[in-house]
A.B. asks: 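Please read through the structure below; I'll follow up with questions.
Worth saying up front: this structure is predicted, and the values here are computed from it rather than measured.
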Amino acid sequence: MDGFTVSEVSGLRSPVVIMAFTGWSDTGTVTTDVASHLIEAFDAERFLTVDPEDYYVFTDTRPHVRIDEDGVRALDWPDNEGFAARLPDNDHDLVIVRGVEPNLRWRTFSERLSDVVATFEPSLVCTLVARPAATPHTRPIPVTGSSADPRLSAKYGLGRSLYQGPTGILGVLHDSLRRRGAGLISLAAGVPHYLNVEENPAATLALLRALQPVIGIAPPEGDFEDEIERFTSRVEEASRGDTQIGEYVRTLEEHYGEDREPEAESGGDLPSADDILRDVEDFLRGSNDR
């Protein structure tokens, strides 16, 4: 009745659970790209699927049409899946939940998913976030972490979670999992807010590297460095010759690492990111080099 199909998985050793959802908590596909990379890198096996019919308003979260390798049109519905990976050279195994934030029935969705996760008796649940930040694409992507549990904050060097306000599906899942006794932390990448595009390999790699102390081993990085080089080259090509863009990026560079917005301190002299960098976004979206 709830749309969840779960296959039995036995013998996982106090797994670490990684959760990522597109939507409120993600900028483009940064966090779900991390999850997809982990699934492939560790040859994880799918044990959970969720029928989207009861959880989405399809005029808001639309299915996608694509042409498959045989030239046939195929329809991809929003999906939520769980994967398990055994890590023989590690103290913990790995469970990865990757999905799309639902439109409907959040309590049912969260309670059911939390029940599934709780059966594994996880040692830790780590949710991934990517949020827009006043950081330039020319500098390393900042990653911060937080937890409401002082013990976990101290163990992983995280900040205290003090946020109050509207939340997404991860906030509801945190509440549901906390009631089941799960240890919870969150890692968040600060993505350059003027690059409003689906993929950002630098942000994905930054989160992937931040997961090393959480998982217990360094995840394979694959071809991310090459992807970052190509992505950066495309951004530079799109912005070359535009003095406003150069000035804006230099201002971000000057304030890199500070907890303040450079636009607010500039007296309004700088144009908004939406105005001066729309051509960068259009260029990246239209590029075939993806």
Side-chain angles (χ1 to χ4, degrees), residues 1-7 17-40 44-84 95-117 125 127-132 165-177 186 188-189 191 193 195-201 203-204 207 274 278 281-282 284-288 290:
M1 294 294 291
D2 57 21
F4 279 67
T5 301
V6 184
S7 302
V17 179
I18 307 298
M19 307 183 80
F21 292 84
T22 59
W24 175 280
S25 301
D26 204 356
T27 298
T29 59
V30 169
T31 70
T32 47
D33 286 346
V34 176
S36 297
H37 180 78
L38 292 172
I39 291 165
E40 182 177 353
E45 297 183 4
R46 186 171 61 185
F47 68 87
L48 165 69
T49 60
V50 182
D51 188 331
E53 190 69 21
D54 292 334
Y55 297 103
Y56 294 93
V57 176
F58 292 124
T59 52
D60 293 334
T61 304
R62 294 180 181 272
H64 289 182
V65 174
R66 59 180 170 83
I67 306 298
D68 66 17
E69 58 186 14
D70 297 321
V72 178
R73 291 171 65 86
L75 193 62
D76 292 330
W77 297 89
D79 56 10
N80 291 276
E81 301 172 301
F83 297 80
V95 169
I96 305 154
V97 177
R98 177 189 63 192
V100 179
E101 184 177 68
N103 303 122
L104 304 169
R105 302 181 70 202
W106 279 22
R107 282 184 294 183
T108 299
F109 181 89
S110 299
E111 292 293 313
R112 186 67 176 95
L113 182 55
S114 297
D115 282 341
V116 174
V117 170
V125 176
T127 57
L128 300 181
V129 175
R131 59 172 66 99
T167 191
I169 194 63
L170 288 184
V172 181
L173 282 165
H174 268 243
D175 177 73
S176 181
L177 288 163
S186 181
V191 182
H193 65 110
L195 295 181
N196 186 23
V197 291
E198 288 294 300
E199 299 174 342
N200 189 312
T204 297
L207 275 177
D274 287 342
R278 188 173 292 113
E281 297 177 7
D282 291 344
L284 292 173
R285 290 195 185 101
S287 173
N288 292 322
R290 296 182 68 100

A.B. asks: Which heavy atom of Ile96 sits nearest to which heavy atom of Ala35, and what is that distance?
C.D. replies: CG2-CB, 3.8 Å
A.B. asks: Using the side chain to side chain contact (heavy atoms under 4.5 Å, CB included) criterion, which residues pair with Thr27? Sequence neighbours excluded.
C.D. replies: Ala130, Pro132, Val191
A.B. asks: Of all residues at least two apart in sequence or in a different chain, which pass the side chain to side chain contact (heavy atoms under 4.5 Å, CB included) check with Thr59?
C.D. replies: Val57, Arg62
A.B. asks: Measure the shortest side-chain to side-chain distance between His37 and Thr204 over non-hydrogen atoms and say whether it is less than 4.5 angstrom.
C.D. replies: no
A.B. asks: Any chance you could measure Leu128, atom CG, to Asp33, atom CG, to the nearest 0.5 Å?
C.D. replies: 11.0 Å
A.B. asks: First locate atom OH of Tyr55, then atom CD of Glu101, and finally report the distance between them rounded to the nearest 0.5 Å.
C.D. replies: 14.5 Å
A.B. asks: Take Trp77 and Phe58 through the ring pair (Phe, Tyr, Trp, His ring centres under 6.0 Å) test and state the conclusion after the steps.
C.D. replies: CA-CA 9 Å; Trp77 297 89; Phe58 292 124; 4.9 Å; yes
A.B. asks: Pair up each side-chain donor or acceptor in residues 64-71 with any protein partner under 3.5 Å, not counting sequence neighbours, and list the distances.
C.D. replies:
residue: Arg66; atom: NE; partner: Asp76; partner atom: OD1; Å: 3.2
residue: Arg66; atom: NE; partner: Asp76; partner atom: OD2; Å: 2.5
residue: Arg66; atom: NH2; partner: Asp76; partner atom: OD1; Å: 3.3
residue: Asp68; atom: OD1; partner: Asp70; partner atom: N; Å: 2.9
residue: Asp68; atom: OD1; partner: Gly71; partner atom: N; Å: 3.1
residue: Asp68; atom: OD1; partner: Val72; partner atom: N; Å: 2.8

A.B. asks: What pairs of donor and acceptor atoms, side-chain ones from residues 165-176 against any protein atom, are under 3.5 angstrom apart with sequence neighbours left out?
C.D. replies:
residue: His174; atom: NE2; partner: Thr127; partner atom: OG1; Å: 2.9
residue: Asp175; atom: OD2; partner: Arg179; partner atom: NE; Å: 3.3
residue: Asp175; atom: OD2; partner: Arg179; partner atom: NH2; Å: 3.4
residue: Ser176; atom: OG; partner: Glu111; partner atom: OE2; Å: 3.2
residue: Ser176; atom: OG; partner: Ser114; partner atom: OG; Å: 2.8
residue: Ser176; atom: OG; partner: Arg180; partner atom: NH1; Å: 2.8

A.B. asks: Do you see a donor-acceptor pair shorter than 3.5 Å between the side chains of Thr31 and Asp26?
C.D. replies: yes
A.B. asks: For a 4.5 angstrom cut-off between non-hydrogen side-chain atoms, does Leu113 reach Val97?
C.D. replies: yes
A.B. asks: If you look at every heavy atom in Phe4 and Phe109, which pair is closest and at what distance?
C.D. replies: CZ-O, 3.7 Å
A.B. asks: Is any side-chain heavy atom of Leu104 less than 4.5 Å from a side-chain heavy atom of Asp54?
C.D. replies: no
A.B. asks: As an exercise, state the distance from CG of Leu48 to CG of Asn80, rounded to the nearest 0.5 Å.
C.D. replies: 8.0 Å
A.B. asks: Would you say the side chain of Phe83 lies within less than 4.5 Å of the side chain of Arg98, judging by non-hydrogen atoms?
C.D. replies: yes
A.B. asks: Please enumerate all residues that pass salt bridge (Lys or Arg N to Asp or Glu O under 4.0 Å) together with Glu40, with sequence neighbours excluded.
C.D. replies: none
A.B. asks: For the CD atom of Glu81 and the OG1 atom of Thr49, what is their distance to the nearest 0.5 Å?
C.D. replies: 7.5 Å
A.B. asks: Are the side chains of Phe47 and Val116 in contact, using a 4.5 Å heavy-atom criterion?
C.D. replies: yes
A.B. asks: Without swapping roles, check the side chain of Tyr56 against the backbone of Val100 for a donor-acceptor pair under 3.5 Å.
C.D. replies: yes
A.B. asks: What distance do Thr32 atom OG1 and Glu199 atom CD have between them, rounded to the nearest 0.5 Å?
C.D. replies: 9.5 Å
A.B. asks: Between Arg112 and Val6, is there a side-chain heavy-atom distance shorter than 4.5 Å?
C.D. replies: yes
A.B. asks: Looking at Arg131, I want to see if its CZ is surrounded by more than 12 non-hydrogen atoms of other residues, nucleotides or ligands under 6.0 Å.
C.D. replies: no
A.B. asks: Under 3.5 Å, side-chain donor or acceptor atoms of residues 17-24 against the rest of the protein: list the pairs with distances, not counting sequence neighbours.
C.D. replies:
none

